[in-house]
Student: 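Just passing along the structure, written as structure tokens.
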Amino acid sequence: MAATPWEYVRVNNVDDVLIGLDPEQRAVAEAVRGPVCVLAGAGTGKTRAITHRIAYAVRSGVVEARSVLAVTFTTRAAGELRQRLRALGAPGVQARTFHAAALRQLTYFWPRVIGGEAPSVIESKLPVLVEACRQVRRNPDRSELRDIAAEVEWAKVTQIGPEDYVAAAAKHHRTPPVPAEEVARLYDAYEQIRRERHLVDFETILELTAAVMTEHQEVAAQIRQQYRYFVVDEYQDVNPLQKLLLDTWLGGRDDICVVGDPNQTIYSFTGASPRYLTGFAVEHPEAAVIKLVRDYRSTPQVVDLANLVIAKGRTPHRLELLAQRPDGPKPAFADHDDEPAEAAGVARAIRKLLDKGVPSREIAVLFRVNSQSEAYEEALSKAEIPYVLRGAERFFERPEVRQAVVLLRGAARSAAGEPLASEVHHILAGIGLTPAPPSGGGKAREKWESLKAVADLAEDMAAEGADLPTFVAELERRASEQHAPPVEGVTLASLHAAKGLEWDAVFLVGLTDGMMPIIYAETPDQIEEERRLLYVGITRAREHLSLSWALARAPGGRKSRRPSRFLDGLTGRSSSPARLTPPSRERRQVAAPVSCRVCAKTLVAAAEQKLGRCSTCPADYDEALLERLKAWRTTTAKEAKIPPYVVFTDVTLQAIAERAPETEQELLSITGIGKVKFDRYGEAVLALCRHS
């Protein structure tokens with residue numbers, strides 16, 4: 001077996017496709033006829049196995065490349081499949097997402113079998129749902145609207161109509177953001193508006209494609225004549241609607257290979273069903289079932305912890321990984337007094353890794369829900385550590401990246417033969433790329449990191465002899481496949497958003513009961529899915545892994561939390577809250593409780609403590625003072641070349657405007673303003689307040 005199993009193999013003859021595969025991967029590659037089920041654990045090279053299988057089948061004459069349809073769940077994964085297949089000598093294979101493949105077919109056949117123009121595709125349900133809300137006289141906020149959209153999506157992928165939603169939601173233990181009856185009314189109004197305006201959403205695309213094939217046999221015959229050989233990645237995430245379309249494509253044939261990991265089933269709440277993967281051998285009794293369990297990603301210490309966590313659960317057909325890498329450091333477990341202390345501790349640990357030479361792009365902080373990111377954004381900003389929020393704006397949709405591509409495309413038309421790297425650096429310097437990054441985080445740093453990523457890609461391609469037109473073509477290919485170049489900065493992401501990714505160092509944070517498992521996971525199946533979510537987080541780490549939790553939410557709060565039940569017996573310490581802090585640990589001073597100045601209620605949330613009032617209590621402040629404070633902060637941040645929130649956060653400015661302090665003592669009494677901040681900005685702030 002080759003020392004580095006992830007290298008591409010340049011193919012000269014058919015047997016070259018099998019070079020460098022381990023025994024199980026080779027078994028997958030040689031199983032060229034379906035049905036085949038590949039149970040592939042984290043880090044075991046599933047993409048390598050299935051691409052070599054497709055290439056081997058094509059190169060050995062089993063199937064023509066144009067007759068293969070490889071289905072993935074993301075545009076980037078489809079792009080990676082195509083790239084690997086080109087390198088393996090099978091460039092004609094179609095690799096697409098379910099939605100892209102279905103839309104292509106639906107658009108092609110619509111004029112022939114339906115007539116007229118094909119419907120327009122809506123990227124988001126929210127605009128249509130807003131109108132549906134107006135019809136039923138409801139005015140939800142944006143977060144509630146997103147949750148309603150998620151319920152509509154779940155109903156549609158599970159083939160549940162508006163009239164059946166209420167009963168189905170109760171049966172499946174759904175917790176809709178508004179009463180189920182209201183969701184049903186909004187769902188019905190949404191569908192009426194969508195049909196009236198000749199619109200289709202992603203679920204309707206799949207549904208209509210299956211319906212057109214079912215009702216028009218000539219369409220089904222043409223599609224089945226085109227595609228004879230199917231491969232489906234991440235099969236544990238397939239939902240009933242996708243399974244319906246897949247079965248329609250197959251039309252009773254069984255030349256299909258599915259790949260998935262029962263240990264990574266984490267999307268059941270969206271309608272995905274692992275039973276299609278775990279029951280594949282029942283559906284196809286003659287299927288070859290091959291397990292990939294050699295983990296090339298993580299150290300034995302990380303793999304051992306992952307195996308222990310999943311072994312305590314009840315996931316059917318779970319896989320036990322076998323580590324292939326040399327030993328590494330043991331996973332670290334850490335408890336903290338409160339959430340700000342946990343975030344600060346993680347920032348310090350990240351700084352140590354950076355000092356040891358671990359690149360910031362190879363470090364990730366993963367949490368259960370997106371709202372947990374704020375404390376880590378603040379802690380990393382204070383430590384002047386750059387970070388990237390995953391799940392925010394897509395790389396190629398960022399304004400600075402769009403501008404860069406336009407400028408580079410224009411320059412490529414009149415390329416004068418300048419060296420690629422120097423030409424790209426010169427062009428990007430005109431829109432903000434400097435030799436050294438701006439300090440801290442924030443928008444300025446994000447913009448610089450985006451431009452630097454483009455420049456770094458140019459340097460990599462220059463080393464391979466590429467010119468500017470070739471580089472621009474590569475950027476456009478990557479944009480179409482959402483294949484962003486790596487951006488410098490620590491990744492902050494939810495555990496769900498981290499699936500499919502990996503880093504040298506991973507920090508799993510906020511691991512308390514109520515957050516992991518999440519408090520609304522009530523049924524045994526829901527609890528087990530939370531366990532698998534933690535498993536996914538653990539297996540993202542190649543070498544360094546840290547797991548942490550906070551005993552209280554805010555400083556001074558009661559330390560009543562306990563670490564996640566999934567860690568029981570694994571941390572080397574008691575899980576009892578009273579015994580988590582060793583007796584030898586130096587006692588820390590506990591801050592006095594903070595009461596709301598309006599209603600006198602004890603404040604727990606950090607933002608409320610800073611404001612000195614409950615978030616629901618009325619605020620009385622000078623709006624002109626708040627605007628002056630914000631203008632001063634913007635000027636100060638620009639002069640210091642730091643993000644504005646590093647000077648003061650919006651909550652701190654709000655607290656200052658509400659209290660209008662006129663003395664040093666009054667300003668220092670606002671939570672979050674310490675001696676360092678006062679020495680740096682105190683006089684300027686007090687001057688603004690005294691003249692309000």
Student: Partners of Ser422 by side-chain contact (heavy atoms from CB on, under 4.5 Å), sequence neighbours excluded?
Tutor: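 So Ser422 forms a side-chain contact (heavy atoms from CB on, under 4.5 Å) with Pro419.
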Student: For the atom pair CG (Leu88) and CZ (Arg48), what is the distance rounded to the nearest 0.5 Å?
Tutor: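 So the gap between those two atoms works out to 8.5 Å.
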Student: For His198, check ring pair (Phe, Tyr, Trp, His ring centres under 6.0 Å) against everything at least two apart and list the hits.
Tutor: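 If we apply the ring pair (Phe, Tyr, Trp, His ring centres under 6.0 Å) test to His198, skipping adjacent residues, the hits are Trp110.
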Student: Taking the side chain as every heavy atom from C-beta outward, state whether Lys499 and Glu234 have any atom pair closer than 4.5 Å.
Tutor: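 Of all side-chain heavy-atom pairs linking Glu234 with Lys499, at least one is under 4.5 Å.
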Student: Could Lys382 and Glu378 be called an ion pair, given the rule that one side-chain N must be under 4.0 Å from one carboxylate O?
Tutor: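 Answer for the salt bridge query: yes.
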Student: What distance separates Leu545 CG from Thr299 OG1, expressed to the nearest 0.5 Å?
Tutor: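 Going from CG on Leu545 over to OG1 on Thr299, the span is 8.5 Å.
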Student: Report yes if the side chains of Thr209 and Phe109 come closer than 4.5 Å at any heavy-atom pair, otherwise no.
Tutor: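 Not in contact.
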Student: For Ala49, check side-chain contact (heavy atoms from CB on, under 4.5 Å) against everything at least two apart and list the hits.
Tutor: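 Applying side-chain contact (heavy atoms from CB on, under 4.5 Å) to Ala49 gives Gln25, Val28, Leu292.
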Student: Under the side chain to side chain donor-acceptor pair (under 3.5 Å) definition, can you give me all pairs with a residue in residues 457-470, not counting sequence neighbours?
Tutor: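 Applying side chain to side chain donor-acceptor pair (under 3.5 Å) to every pair that reaches into residues 457-470, excluding sequence neighbours, yields His425-Glu459, Asp467-Thr470.
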Student: Could you list the donor-acceptor pairs under 3.5 angstrom formed by side chains in residues 352-359, with sequence neighbours left out?
Tutor:
none

Student: If I take atom NZ from residue Lys638 and atom OG1 from residue Thr635, how far apart are they, to the nearest 0.5 angstrom?
Tutor: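 Rounded to the nearest 0.5 Å, the NZ-OG1 separation comes out at 7.0 Å.
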Student: Given Val121 and Leu103, is the side-chain contact (heavy atoms from CB on, under 4.5 Å) satisfied, shown in steps?
Tutor: CA-CA 9 Å; Val121 180; Leu103 181 60; 3.8 Å; yes
Student: Does the pair Lys447 and Glu400 meet the rule for a salt bridge (Lys or Arg N to Asp or Glu O under 4.0 Å), with working shown?
Tutor: CA-CA 7 Å; Lys447 177 180 178 179; Glu400 63 272 15; over 6 Å; no
Student: Taking ring pair (Phe, Tyr, Trp, His ring centres under 6.0 Å) as the definition, give me every residue that meets it alongside Phe230, ordered by chain and number, with sequence neighbours left out.
Tutor: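 Expected list: none.
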Student: In Å, rounded to the nearest 0.5 Å, how long is the span from CG of Leu629 to OH of Tyr681?
Tutor: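 Atom-to-atom, Leu629:CG and Tyr681:OH are 13.5 Å apart.
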Student: Taking salt bridge (Lys or Arg N to Asp or Glu O under 4.0 Å) as the test, write out the residues that go with Arg96, two or more places apart.
Tutor: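 For Arg96 there are no salt bridge (Lys or Arg N to Asp or Glu O under 4.0 Å) partners, ignoring immediate neighbours.
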Student: What heavy-atom pair brings Val490 and Ile350 nearest, and what distance separates the two atoms?
Tutor: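 Looking at all heavy atoms of both residues, the shortest contact is CG2-CG2, 3.9 Å.
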Student: For the side-chain contact (heavy atoms from CB on, under 4.5 Å) test, which of Val303, Leu366, Leu508 pairs with Ile538?
Tutor: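 When Val303, Leu366, Leu508 are each tested with Ile538, the side-chain contact (heavy atoms from CB on, under 4.5 Å) holds only for Leu508.
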Student: Could you tell me which residues satisfy ring pair (Phe, Tyr, Trp, His ring centres under 6.0 Å) with Phe98, sequence neighbours excluded, listed by chain and number?
Tutor: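 Partners of Phe98 by the ring pair (Phe, Tyr, Trp, His ring centres under 6.0 Å) criterion, ordered by chain and then number, come out as Phe73.
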Student: Could I get the full list of salt bridge (Lys or Arg N to Asp or Glu O under 4.0 Å) partners for Arg368, not counting sequence neighbours?
Tutor: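 Testing Arg368 for salt bridge (Lys or Arg N to Asp or Glu O under 4.0 Å), a comparison that skips the adjacent residues, returns Glu530.
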Student: Who passes salt bridge (Lys or Arg N to Asp or Glu O under 4.0 Å) against Asp261, sequence neighbours left out?
Tutor: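 With sequence neighbours excluded, Asp261 shows a salt bridge (Lys or Arg N to Asp or Glu O under 4.0 Å) to no residue whatsoever.
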Student: Mind checking the CD-CZ spacing from Glu502 to Arg542? Nearest 0.5 Å is all I need.
Tutor: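 Glu502 atom CD to Arg542 atom CZ measures 4.0 Å (nearest 0.5 Å).
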Student: Who are the side-chain contact (heavy atoms from CB on, under 4.5 Å) partners of Thr434, not counting sequence neighbours?
Tutor: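 Result, side-chain contact (heavy atoms from CB on, under 4.5 Å) vs Thr434: Trp448.
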Student: If we count only N and O atoms by modelled type, under 3.5 Å, do the side chains of Gln372 and Glu374 hold a donor and an acceptor together?
Tutor: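 Looking only at side-chain atoms, Glu374 and Gln372 do not form any donor-acceptor pair under 3.5 Å.
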Student: State, with a plain yes or no, whether a side-chain heavy atom of Lys125 is found less than 4.5 Å away from one of Glu153.
Tutor: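 Heavy-atom side-chain distance check passes, below 4.5 Å.
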Student: For Ser124, give me all partners under side-chain contact (heavy atoms from CB on, under 4.5 Å), at least two apart in sequence or on another chain.
Tutor: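 Expected list: Leu126, Pro127.
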Student: Rounded to the nearest 0.5 Å, how far apart are CZ of Arg351 and CD of Glu384?
Tutor: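 Reported to 0.5 Å precision, the distance equals 8.0 Å.
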Student: Could you walk me through whether Gln226 and Leu69 pass side-chain contact (heavy atoms from CB on, under 4.5 Å), step by step?
Tutor: CA-CA 9 Å; Gln226 168 76 51; Leu69 179 58; over 6 Å; no
Student: Thinking salt bridges, do Arg294 and Glu24 make one under a 4.0 Å N-O criterion?
Tutor: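 Here Arg294 pairs with Glu24 in a salt bridge, since their nearest N and O are under 4.0 Å apart.
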Student: Does the pair Glu64 and Arg228 meet the rule for a salt bridge (Lys or Arg N to Asp or Glu O under 4.0 Å), with working shown?
Tutor: CA-CA 9 Å; Glu64 293 182 10; Arg228 301 169 174 268; over 6 Å; no
